[in-house]
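First the structure, which I've put down as structure tokens, then a few questions once you've had a look.
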Amino acid sequence: MAATYQTEGRIAVQGGAALEALKERAKLWDVALEEDGSAIALCVWNSKARFVLEGDSVKVTLISPEERLLRTLQDSVTELLEGKNLAIAWDKVDEGALAPSLSLMTVASVSRRSPGYLRVRLEGDDAERFATGSLHFRILIGPRGRTPIWPRTAANGRTVWPEGADALHKPVYTTMATGKNWLEFDIFRHEGSPTSDWADSNPIGETVGLMGPGGGGCPAAAELLLFGDETAMPAISRMLAAAPGKVKAYLQVSRENLCELASDERVVSVDNLVEALECCETPETCHVWFAGHCDAAKAARTCLLARGFGKRDFTAVSYWS
Ligand SMILES: Cc1cc2nc3c(=O)[nH]c(=O)nc-3n(C[C@H](O)[C@H](O)[C@H](O)COP(=O)(O)OP(=O)(O)OC[C@H]3O[C@@H](n4cnc5c(N)ncnc54)[C@H](O)[C@@H]3O)c2cc1C
């Protein structure tokens, strides 16, 4: 790791409990933990949170290749400790700054991509950072008729979110295309969707927040089998373009909404994703990626585990519930 940014803090008492909390978090997030005597380090986002026990107190050092990641880690460590009633005093906190992974962008256009999809183009200086690695972001939409209040860093290093009437709508979407100062994403329109209603309301010129990027990229497997519904089609479209090896996609999407994927020979239209998964051959070397309704994702997980897939050989995620 090219360590360029660093910050320190101290937990004055209950050092042992702080170390246990860090171990617990590493297990929960399924990320590496380095242990060396009275020091442990959690390794995540190409960064490190190192806890060194000194008597009953703990010296905390955060190291990261990017300031944004360093501040995100500072937020997470503070939140983790707060959850255990432990306080940390940081050497430096950017009090009042916008939340670490937040960029503010302006809506440039909303167009109909197909009967079921709207394409939104956002503009902002930070757009290009959403082009790397992870495919997804969280869009923050302010309550209608109110000036949005954005999440900011508090004096203790944690991000404070607006609540009550100022609470933001914050669903997750997939970046479809980026360029210098712009980004596009596709919204699948469905009943009762605040995001679809917002996009339909001609929000040109409005400011929205984008948090991320996050949520992983295209699995680097020799053979990739992708399964998804309309909400997962943007991610599958990105993976079809990025996959390094053999790839096939099963989509539960009506033909009129397949857009450019309608003519892609690697794409198969199906009526039921779980049935398609149950019937298809899954060679030993393949990685299965599955996303859709939470019940379908759960059924996919059960099916793949029953077939002997290891937990790292497949991805089965809920995109909506
Ligand atoms: C990593 C990730 C990436 C995603 N990328 C995209 C993307 O690029 N494009 C996209 O359109 N979606 C995407 N989704 C799904 C999207 O986040 C959800 O559909 C989300 O619910 C949309 O928010 P909402 O404004 O509809 O509000 P919510 O409050 O979340 O939902 C409102 C109501 O709509 C229902 N609902 C949600 N989705 C659907 C649906 N598909 N069909 C019918 N009812 C539904 C909910 O059950 C709820 O009752 C992604 C999800 C994840 C986790």
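One-based numbering, in listed order, for ligands and for the atoms of each. The chain is numbered in sequence order, starting from 1.
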| message | Heavy-atom distances under 4.0 Å decide this one: backbone, side chain, both or neither, for Ser193 against ligand 1? | response | both
| message | If you take the nearest heavy atom of each of Ser321, Gly292, Ser134, which one is closest to atom 47 (O) of ligand 1? | response | Ser321
| message | I need the atoms of ligand 1 closer than 4.0 Å to a non-hydrogen atom of Gly192, numbered in the order shown. | response | 32 (C), 33 (C), 34 (O)
| request: If the plane angle is over 60° it's perpendicular, under 30° parallel, otherwise tilted; pick one for Phe185 and Tyr173. | output: tilted
| query | Which atoms of ligand 1 sit under 4.0 Å from any heavy atom of His136? | reply | 1 (C), 3 (C)
| query | Can you tell which part of Ile187 has a heavy atom less than 4.0 Å from ligand 1: side chain, backbone, both or neither? | reply | backbone
| ligand 1 contact on His169 by region, counting heavy-atom pairs under 4.0 Å | side chain
| remark: atom 15 (C) of ligand 1 has as its nearest protein heavy atom Tyr319 O, 3.3 Å
| message | Under 4.0 Å between a side-chain nitrogen and a carboxylate oxygen: does that hold for Lys59 and Glu54? | response | no
| request: Before accepting this row, confirm whether a basic side-chain N of the pair Asp313/Arg307 lies closer than 4.0 Å to the acidic partner's carboxylate O. | output: no
| request: Would you mind telling me if ligand 1 is within reach of the side chain of Asp186, the backbone, both or neither, using heavy atoms under 4.0 Å? | output: backbone
| note | Of all protein heavy atoms, the one nearest atom 13 (C) of ligand 1 is Thr231 O, 3.5 Å
| remark: Scanning both residues in full, the closest heavy-atom pair of Glu256 with Ser114 reads O-CB, 3.6 Å
| remark: Among non-hydrogen protein atoms, atom 17 (O) of ligand 1 lies closest to Val172 O, 2.8 Å
| field | Over all atoms of both residues, closest heavy-atom pair of Pro244 and Pro219 | value | CD-O, 4.2 Å
| If you measure every N/O of Ser318 against every N/O of ligand 1, is any gap under 3.5 Å? | no
| query | Can you tell me if Glu230 has a non-hydrogen atom under 4.0 Å from ligand 1? | reply | no
| What is the closest protein heavy atom to atom 25 (O) of ligand 1, and at what distance does it sit? | Thr195 OG1, 2.4 Å
| message | At less than 4.0 angstrom from any non-hydrogen atom of Pro171, what atoms of ligand 1 do you find? | response | 23 (O)
| said: Tell me every residue that passes ring-ring contact (aromatic ring centres under 6.0 Å, His included) with Phe188, counting only those two or more places apart in sequence or in another chain. | reply: Tyr117
| said: Does this structure show an ion pair linking Glu260 with Arg113, if we count only N-O contacts that are shorter than 4.0 Å? | reply: yes
| field | Ligand-residue contact atoms, ligand 1 with Pro234, heavy atoms, under 4.0 Å | value | 7 (C), 8 (O), 9 (N)
| Would you say atom 49 (O) of ligand 1 has a protein heavy atom nearer than 4.0 Å? | no
| task | List the closest protein heavy-atom neighbour of atom 5 (N) of ligand 1: residue, atom name, distance to the nearest 0.1 Å. | result | Thr174 OG1, 2.9 Å
| query | Among protein heavy atoms, which sits nearest to atom 37 (C) of ligand 1, and what does the distance come to when rounded to 0.1 Å? | reply | His190 CE1, 3.2 Å
| Sequence-distant partners of Trp198, ring-ring contact (aromatic ring centres under 6.0 Å, His included), two or more places apart | none
| note | Heavy-atom closest pair (Pro162 atom, Ile149 atom, distance to 0.1 Å) is CG-O, 3.1 Å
| Considering all heavy atoms of both residues, which atom of Leu251 and which atom of Ile236 are nearest to each other, and what is their separation? | CD2-CD1, 3.6 Å
| note | Nearest heavy atom to atom 22 (C) of ligand 1, choosing from Trp320, Phe185, Tyr173, Phe188, belongs to Tyr173
| query | Any idea which heavy atoms bring Arg152 and Gly96 closest together, and the distance? | reply | NH1-O, 3.0 Å
| Pro194 touching ligand 1 at heavy-atom level, < 4.0 angstrom | yes
| request: Run through Tyr250, Phe314, Tyr319 and flag the one making a ring-ring contact (aromatic ring centres under 6.0 Å, His included) with Phe227. | output: Tyr250
